[in-house]
Undergrad: 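There's a structure below that I have some questions on.
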Amino acid sequence: MTKELPAQYPPADVEARRYAQWVHDRLFEADASSEKPPYAIVIPPPNVTGVLHMGHALDHTIQDTLIRRRRMQGYEALWLPGMDHAGIATQNVVERKLAAEGLSRHDLGREKFLEKVWEWKAESGGAILGQMKRLGDSVDWSRERFTMDAGLSRAVQTIFKRLFDDGLIYRANRIINWCPRCLTALSDIEVEHSDKDGELVYIRYSDEIVVATTRAETMLGDTAVAVNPEDERYRHLVGTEVELPLTGRKIPIVADEHVDPSFGTGCVKVTPAHDPNDFEIGQRHGLPSITIMDERAIITAHGPFLGLDRYEARPAVVAALREQGRIVKEVRPYNHSVGHCSRCGTTVEPRLSLQWFVKTGPLAQAAGDAVRDGRVKIEPAELSKRYFAWVDNMHDWCISRQLWWGHRIPVYYGPDGDVVCVGPDEQPPAGYTQDTDVLDTWFSSALWPFSTLGWPDRTADLEKFYPTSVLVTGYDILFFWVARMMMFGLYAMDGTPPFGTIALHGMVRDQFGKKMSKSFGNVVDPLDWVERYGADATRFTLARGANPGADVAVSDEWAAGSRNFCNKLWNATRFALMNGAHVEGDLPAELSTVDAWILSRLHATVAAVDTAFDTYEFAKACDALYHFAWDDVCDWYLELAKPVLFAEGPEAEATKRVLGEVLDTLLRLLHPVIPFVTEELWTALTGVDTVVTAPWPAHEPKLANPAAEASVATLQYVVTEVRRFRSDQGLKPSQRVAARVNVTEHEPLIRNLAKLDVPGEDFEASATLSLTGGLSAEIDTRGTIDVAAERARLVKDQAAAEKEAAQCRAKLGNAEFLGKAPDHVVDKIKSRLAAAEAELARIAAALEKLS
RNA sequence: GGGCGCGUAGCUCAGUGGGAGAGCAUCCGCCUUACAAGCGGAGGGUCGGGGGUUCGAAACCCUCCGCGCCCA
């Protein structure tokens, strides 16, 4: 089959059309009833408010590559898409919309507000799903899931009830991370720490007691001063009381080992209601907790500071203390680590409140063991350390959020403090009222690998595809999301972990290795690349940089390079189709050396690519494919095939078939990474409908042909040396020159590639190119030989050979080397020396001739 | 402060005991009937510094310097 192709690959004309066809033909839909072995990936659910960024593009490229290859290998491949409901983020979006109309969610009430959220989701949520299509993601859209769907909500309620009944969920008054803007509790992982310039103020509580603090306003809630029990300076004060300034309250001085005597003055103010460490000190010493701020971080303590925001209160408190002469020292700026809400950036305020927690101890233990005993593999294995560091030191997980958007906690309160946890098919007793909080979004995300397959029902999907094969995600969320899925998967699925392998990649960075950030202005939009360079080029750029667990640096120039590669493939196939390449019938029984060589290289490439993909070495797979395609196929094989094809003999017929074979296999190997251009080219080449379901190339060792590889290597060597000579001599590329060559093989091909004519009657060799292995080319440059250039070239070669010879001689002159190095190493050095010496002799003779 | 990791060509990165590599960038020459998004050729590195182990170190060990990430 032949087809007219334009001279440049036009991604925009291909991508949308091909993607629509794939979806229409249901090529990405998995069949739970098939006999094929399963291969499943659940997508790390993007946020319903989110848009596609480079991190997604990398993550999805990797998953799509894995899935597409397995699909071609004959697995029942399922890549399941969907989104999470992003409690805080989504509620913020909708509240902002309401605010524009002058409304708050309280004006609407809970029910109405949730209707508004669903409306927003229907209208503008999930933009990212459409963007995934532009990348070419081969996800099964018929199985798209959302964490707030009925089925997934049922899964949430089911596991909550089970955990509750098992005593693994409890409610307690604890210090939690509180966002005074979002007005909700946050878990540890939703808090980002960064260094900030603040102040360290030393406050005199008495003649002997001076405390240092970065949050002076919290002193209003102090209920003790703590010192280290070993600290000689204060030992005599333990058990006495001191008057808390500004309040007149008497507070005790307690001894607690937690206090670091070397920090500040060695005295610590203790504010149990507003600091996690102080809370623990308070617990140990039975101290009261005095809450001095409301949920918006506004001072509620009676007195002159009542009603001030925490940042107004801080200088006001310091000023009042200064007036009393109680400020001993002020360090400003004082650089220290401060926690911020990961959603809105507001400084987190530790707050004592009643919240729900998951008791992580036994769950985290199981999650760690599954990796320790090898049931789950982490790729690259080195990152297991980070995983263990997290799961082995996990704190109990605060799962309640003071939001409306999310899974409402299925706990009801009755009279006399009765508490009932209700399962999915149960009704609460009449008159009981439901807890007003919702669950952390990660709580439902942690169920994703099985809730999306139908759990708690034993569905066909669950039977077929659980446990999933591999989870692909960035190392940056290994320790929270992945660990949580492991905990819940093991718990819900009777000890079967949710995936066999965790394949980790890094973050996408700019061309200088800098993190992409808006403030830096170095953010690249993947869709911008899709438009400018094509989806394939975008994917190839990312895959080509994806070393396991390592960050990927990208730039426009590299994306352009990938686009060039796609175009190279396009033109190679275009050329092949114009010259009769095809895939009909068996490979020819008789192969020319050149045809045997390219098939040998092809199958070495198949083996290399298989190994690389099997070990998540995407960069290596891409590198092998890039070099095979560009160097071996385009630069050499097509050029060598040209004279054969143009001559139209029986050898041409064989080469047409081999060329078809090479491109057929190459395009199938590349399809998982660059699906669009390969689909377009492969279908044109083969006449088959789609490469999506074409078989993955088999590695055929019998095609390995070392003799042909050696023969072509010699040809390449001679051609390259002649080209080098020509370039040094300033001969134009198009200028043919007469030459007498003594080579045993491939003379016509060498003459063709090196632009050497057969000597005529007036031939007069003006330069002799002597080559390794007794090969030579005598060239007639019509007397215009540039002796200086030729001498410079030879001298350079001579220096290289001398260096090589000297290195070898030094080794061989070393008795210890001869005695201790293995024989094969010694032999290799000997043959290298022999080759270098022959080279030196050849060059010396050539130099002699020049003078 | 604790933990993990990195330092190889101008940039980004492979290479983990036996000849320093790739892509991009740079320089020179070319519109060579698949491709100028291209072709041919070339230059460029005391493998962060120092010490050690070894016949042999970019690689293994120690130390110093610089950088990054996570946790507190």
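Remember, it's a predicted structure, so these values are computed and weren't measured experimentally. Residue numbers begin at 1 in each chain, while the letters A, B, ... track the order of the sequences.
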Undergrad: Take atom P in B:rC24 and the same atom in B:rC4, then report the distance between them in whole Å.
TA: 38 Å
Undergrad: Let me spell it out: for each of A:P733 and A:K515, pick the nucleotide of RNA chain B with the closest heavy atom. Which residue's pick is nearer the 5' end?
TA: A:P733
Undergrad: Pairing check on B:rU26: which nucleotide meets the Watson-Crick or G-U wobble criteria with it, both distances under 3.5 Å?
TA: B:rA42
Undergrad: Determine the contact category for A:C566: base if any of its heavy atoms lies under 4.0 Å from a base atom, sugar-phosphate if only primed atoms, P, OP1 or OP2 are that close, otherwise nothing.
TA: nothing
Undergrad: Give the nucleotide from the list B:rA22, B:rG18, B:rC13 with an atom nearest to the side chain of A:H627.
TA: B:rA22
Undergrad: I'd like to know if A:Q8 reaches the base of B:rA37 with its side chain such that a donor and an acceptor end up less than 3.5 angstrom apart.
TA: yes
Undergrad: Just call it for A:E617: base, sugar-phosphate, or nothing, with non-hydrogen atoms closer than 4.0 Å on any strand.
TA: nothing
Undergrad: So what does A:R832 touch, heavy atoms closer than 4.0 Å: a base, only the sugar-phosphate, or nothing?
TA: base
Undergrad: Verify, without hydrogens or angle tests, whether A:N571 (side chain) and A:N567 (backbone) share a donor-acceptor contact under 3.5 angstrom.
TA: yes
Undergrad: Quote, to the nearest angstrom, the C1' distance that separates B:rG48 from B:rG68.
TA: 15 Å
Undergrad: So what does A:N814 hit on the nucleic acid, given a heavy-atom distance under 4.0 Å: a base, only sugar-phosphate, or nothing?
TA: sugar-phosphate
Undergrad: In plain terms, say whether A:D275 and A:R215 are close enough for a salt bridge, that is, a side-chain N and a carboxylate O under 4.0 Å apart.
TA: yes
Undergrad: For nucleotides B:rC11 and B:rC30, find the distance between their C1' atoms and express it as a whole number of Å.
TA: 28 Å
Undergrad: If the C1' atom of B:rG10 is compared with that of B:rG45, how far apart are they to the nearest Å?
TA: 11 Å
Undergrad: Do the side chain of A:K568 and the base of B:rC35 come within less than 3.5 angstrom through a donor-acceptor pair of N or O atoms?
TA: yes
Undergrad: Using atom C1' of each nucleotide, how far apart are B:rC67 and B:rU12 to the nearest Å?
TA: 16 Å
Undergrad: Please determine whether a side-chain nitrogen of the Lys or Arg among A:K515 and A:D551 lies less than 4.0 Å from a carboxylate oxygen of the Asp or Glu.
TA: no
Undergrad: Distance between the P atoms of B:rA20 and B:rU63, in whole angstroms?
TA: 29 Å
Undergrad: Taking 4.0 Å as the cut-off, does a side-chain nitrogen or oxygen of A:K620 come that near to OP1 or OP2 on B:rG15?
TA: yes
Undergrad: For A:A572, report the nucleic acid contact type (base, sugar-phosphate, nothing); a contact means any heavy atom under 4.0 Å.
TA: base
Undergrad: I want to verify a distance call: between B:rG68, B:rU12, B:rA14, whose nearest atom is closest to the A:W558 side chain?
TA: B:rU12
Undergrad: With rounding to whole Å, what would you report as the distance between B:rU33 and B:rC39 at their P atoms?
TA: 14 Å
Undergrad: Check whether any side-chain nitrogen or oxygen of A:R386 sits under 4.0 Å from OP1 or OP2 of B:rC4, and answer yes or no.
TA: no
Undergrad: For RNA chain B, whose closest nucleotide is more 5', that of A:K732 or that of A:A576?
TA: A:K732
Undergrad: How is A:Y626 classified with respect to the nucleic acid when contacts are heavy atoms under 4.0 Å: base, sugar-phosphate, or nothing?
TA: sugar-phosphate
Undergrad: Over how many whole Å does the gap from A:K820 atom NZ to B:rU54 atom P extend?
TA: 8 Å
Undergrad: Could you give the CG-to-C1' distance, from A:N547 to B:rG23, as a whole number of Å?
TA: 12 Å
Undergrad: Across all strands shown, which nucleotide pairs with B:rG1 by Watson-Crick or G-U wobble geometry, both distances under 3.5 Å?
TA: B:rC71
Undergrad: Of the options B:rA37, B:rG40, B:rG19, whose atoms approach the side-chain atoms of A:N567 most closely?
TA: B:rA37
Undergrad: From C-beta outward on A:F817, which listed nucleotide comes closest to its side chain: B:rU12, B:rG18, B:rC35?
TA: B:rG18
Undergrad: Could you work out which one of B:rA34, B:rC13, B:rA37 sits closest to the side chain of A:R563?
TA: B:rA37
Undergrad: From CG of A:L753 over to C1' of B:rU32, roughly how many Å is that when rounded to an integer?
TA: 12 Å
Undergrad: Heavy atoms under 4.0 Å, any strand shown: does A:L818 hit a base, just sugar-phosphate, or nothing?
TA: nothing
Undergrad: Does a side-chain N or O from A:W630 land closer than 4.0 Å to OP1 or OP2 of B:rC39, or not?
TA: yes
Undergrad: Using purine N1 to pyrimidine N3 plus N6-O4 or O6-N4 for Watson-Crick, or N1-O2 and O6-N3 for G-U wobble, each under 3.5 Å, what pairs with B:rG66?
TA: B:rC6
Undergrad: At 4.0 Å (heavy atoms only), tell me whether A:H824 reaches a base, stays on the sugar-phosphate, or touches nothing.
TA: nothing
Undergrad: Using atom P in both nucleotides, what's the gap between B:rU32 and B:rG23 to the nearest angstrom?
TA: 25 Å
Undergrad: Between A:R842 and A:E837 (salt bridge meaning N to carboxylate O under 4.0 Å), is one present in this structure?
TA: no
Undergrad: Considering every strand and a 4.0 Å limit on heavy-atom distances, what is the contact class for A:Q807: base, sugar-phosphate, or nothing?
TA: nothing
Undergrad: Categorize A:K642 for me: base, sugar-phosphate, or nothing, with a 4.0 angstrom heavy-atom threshold over every strand shown.
TA: base
Undergrad: Can you tell me if A:N564 touches the phosphate of B:rG38, counting only side-chain N or O atoms and a distance under 4.0 Å to OP1 or OP2?
TA: yes
Undergrad: If you count every heavy atom of other residues, nucleotides or ligands that lies below 6.0 Å from A:D823 atom CG, does the total exceed 12?
TA: no
Undergrad: Base, sugar-phosphate, or nothing: which does A:D635 touch, judged by heavy atoms less than 4.0 Å apart?
TA: sugar-phosphate
Undergrad: Across the strands shown, which category fits A:T573 at heavy-atom distances under 4.0 angstrom: base, sugar-phosphate, nothing?
TA: nothing
Undergrad: Please check if atom CD in A:E802 has more than 12 non-hydrogen atoms from other residues, nucleotides or ligands closer than 6.0 Å.
TA: yes
Undergrad: Which part of the nucleic acid does A:A389 contact within heavy-atom distance under 4.0 Å: base, sugar-phosphate only, or nothing?
TA: nothing
Undergrad: Using a strict cut-off of less than 4.0 Å between a Lys/Arg side-chain nitrogen and an Asp/Glu carboxylate oxygen, indicate whether A:R532 and A:D528 qualify as a salt bridge.
TA: yes
Undergrad: Over all strands shown, is A:R726 touching base, sugar-phosphate only, or nothing at heavy-atom distances under 4.0 angstrom?
TA: nothing
Undergrad: Is the shortest distance from a Lys or Arg side-chain nitrogen in A:E839 or A:R832 to a carboxylate oxygen in the other one below 4.0 Å?
TA: no
